[in-house]
There are 2 protein chains.
Amino acid sequence: MAAARLDSTDHEILSLLREDARRTLADIAERVTLSTAAVKRRIDRMRDEGVITGFTVQVDHARLGWGIEAFTELRFLGTTNVHDIVQTATRMPETQAVFTIAGDPDALVWLRVRDMAHLQRTIDEIRRSQRVTSTKTLIVLERWTRDRGPRPR
Amino acid sequence: MAAARLDSTDHEILSLLREDARRTLADIAERVTLSTAAVKRRIDRMRDEGVITGFTVQVDHARLGWGIEAFTELRFLGTTNVHDIVQTATRMPETQAVFTIAGDPDALVWLRVRDMAHLQRTIDEIRRSQRVTSTKTLIVLERWTRDRGPRPR
DNA sequence: ACTGAAACTGCAGCGTC
DNA sequence: GACGCTGCAGTTTCAGT
């Protein structure tokens with residue numbers, strides 16, 4: 001894990017890409033007062049350094065009918081292989097993210113589901129497939145995430 | 001919140017964009033066996049419907065020296081305005097996301113910090129700025145998130 | 001299908017170490 | 001003098017109508 005050194009222009013480019021990753025090089029170049037080639041090379045370099053890991057689309061899952069989010073805290077036996085938990089949860093389409101935790105609980109699973117019945121089934125599936133000793137589920141009322149930039153266009 | 005109806009081609013396009021949002025229309029068109037114009041129309045429609053909310057860059061924050069992630073569970077007085085909590089947390093650069101919760105705890109804050117001292121300061125700041133009755137912080141050992149597609153190129 | 005725009009690549013100049 | 005970064009110009013590919 002080499003720490004990458006970024007100057008202020010790099011950060012500016014990252015910020016612009018965070019707002020809209022489909023910006024053209026010319027657009028970015030104009031805003032940071034560089035040529036398009038220079039911008040491209042900086043982006044390529046940040047990709048090579050591992051600072052930029054990819055470009056992705058942001059989807060409003062609620063619009064697709066997956067309107068409920070929840071966090072499930074998991075506790076399991078000391079003998080349980082932590083990696084197995086992650087593997088299992090990862091394979092479920094409802095799983096948005098999995099965090100293994102130092103302390104109590106042992107893991108935190110971020111779920112996205114269609115409705116309450118679906119949530120129930122999903123939690124049951126997690127409990128069934130692992131040596132889970134207890135779960136506690138937090139239903140999300142509202143969410144704010146940093147990665148939402150101003151709507152492009 | 002109108003539920004949008006997407007066919008399998010739309011989902012395929014979304015999946016391709018999730019892997020790499022900077023794909024060209026021509027590339028996508030070839031993979032879904034459509035013309036570039038047809039692909040563009042579908043993407044524009046999904047944007048208009050609010051299914052696609054934007055395009056963003058994925059950054060490895062650990063490479064930038066922000067190597068520690070944590071969740072802080074917040075509990076506060078019944079008189080507290082939930083919105084204020086979100087506002088406060090949102091303004092902190094360390095805050096990755098804020099979830100308000102139905103039940104106990106009242107909120108969950110996803111933090112990203114440079115080191116433990118930084119985490120300490122960040123939590124103190126949250127406690128200080130709100131009518132927080134208690135906090136419990138979970139240090140993340142490992143994370144898996146769905147939004148990571150295969151590395152492009 | 002067509003036209004203007006954007007991305008990519010090679011080359012040369014400039015400053016830093 | 002090697003390295004890193006830049007601008008410019010030519011070529012190819014892409015976006016938008």
Side-chain angles (χ1 to χ4, degrees), chain A residues 1-60 63-64 147-153, chain B residues 4-67 147-153:
Chain A
M1 185 187 89
R5 233 186 306 284
L6 271 59
D7 64 15
S8 65
T9 304
D10 289 328
H11 277 108
E12 217 172 323
I13 291 171
L14 276 185
S15 173
L16 289 168
L17 286 175
R18 214 174 295 129
E19 281 178 9
D20 181 8
R22 280 184 78 87
R23 251 183 235 280
T24 62
L25 297 179
D27 179 25
I28 298 169
E30 190 185 351
R31 291 166 196 266
V32 302
T33 54
L34 277 179
S35 71
T36 60
V39 170
K40 181 190 170 354
R41 273 163 205 141
R42 279 173 182 264
I43 293 175
D44 286 346
R45 174 174 49 75
M46 287 191 277
R47 261 187 35 81
D48 292 343
E49 288 172 343
V51 173
I52 292 176
T53 60
F55 300 92
T56 196
V57 63
Q58 294 170 303
V59 174
D60 184 347
R63 296 243 173 204
L64 297 178
D147 58 7
R148 308 199 149 275
R151 190 78 60 89
R153 253 216 200 161
Chain B
R5 233 186 306 284
L6 272 56
D7 66 15
S8 65
T9 304
D10 289 328
H11 278 107
E12 215 173 325
I13 291 172
L14 275 185
S15 174
L16 288 168
L17 286 175
R18 215 174 295 127
E19 281 178 9
D20 180 8
R22 280 185 78 86
R23 251 182 235 282
T24 61
L25 296 180
D27 180 27
I28 297 170
E30 190 186 350
R31 290 166 196 267
V32 301
T33 54
L34 279 179
S35 70
T36 60
V39 171
K40 179 182 173 0
R41 263 182 264 122
R42 281 172 183 265
I43 293 175
D44 286 347
R45 175 174 49 76
M46 287 192 277
R47 262 189 34 81
D48 291 343
E49 288 172 344
V51 173
I52 292 176
T53 59
F55 301 92
T56 196
V57 63
Q58 294 169 304
V59 175
D60 183 348
H61 293 84
R63 296 242 174 205
L64 298 178
W66 292 57
D147 58 7
R148 310 198 148 275
R151 191 77 62 89
R153 253 221 198 159

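Naming convention: chains lettered A, B, ... in sequence-line order (proteins, then strands); numbering from 1 in each chain.
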Protein-nucleotide distance ([X], atom [atom1]; [N], atom [atom2]), rounded to Å:
| X | N | atom1 | atom2 | result |
| --- | --- | --- | --- | --- |
| A:Leu34 | D:dC5 | CG | P | 12 Å |
| A:Asp44 | D:dT6 | CG | P | 12 Å |
| B:Ile43 | D:dC14 | CD1 | P | 14 Å |
| A:Arg47 | C:dA7 | CZ | C1' | 15 Å |
| A:Asp48 | D:dG4 | CG | C1' | 14 Å |
| B:Lys40 | C:dA1 | NZ | P | 19 Å |
| A:Arg5 | D:dG4 | CZ | P | 13 Å |
| A:Arg23 | D:dA15 | CZ | P | 18 Å |

Check: Among the nucleotides C:dA7, D:dA15, D:dG7, which one has an atom lying closest to any side-chain atom of A:Leu25?
Finding: C:dA7
Check: Under the side chain to side chain donor-acceptor pair (under 3.5 Å) test, which residues partner B:Arg31, sequence neighbours left out?
Finding: B:Asp27
Checklist line | Sidechain-backbone polar pair: B:Thr56 side chain, A:Ala21 backbone, donor-acceptor under 3.5 Å | finding: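 Checked: no pair found.
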Name the pairs: protein N/O against N/O of nucleotides 10-17 of chain C, kept only if under 3.5 Å.
residue, atom, partner, partner atom, Å
C:dG10, O6, A:Arg41, NH2, 3.0

Next item on the list: To the nearest 0.5 angstrom, please state how far the CD1 atom of B:Ile52 sits from the CZ atom of A:Arg63.
Entry: 12.5 Å
Notebook entry, point to check: Nearest 0.5 Å, what's the CG-CZ distance between B:Leu17 and B:Arg22?
Noted result: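 One finds 12.5 Å between CG of B:Leu17 and CZ of B:Arg22.
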Note to self: With heavy-atom distances below 4.5 Å as the criterion, would you say the side chains of A:Val51 and A:Asp10 are in contact?
What the structure shows: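 No, their side chains stay 4.5 Å or more apart.
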Checklist line | A:Thr9: side chain to side chain contact (heavy atoms under 4.5 Å, CB included) partners, not counting sequence neighbours | finding: A:Asp7, A:Ile13, A:Val32, A:Leu34, A:Arg42
Check: Toward the 5' end of DNA chain D, which comes first, A:Arg22 or A:Arg42, by nearest nucleotide?
Finding: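 Whichever sits nearer the 5' end wins; that is A:Arg42.
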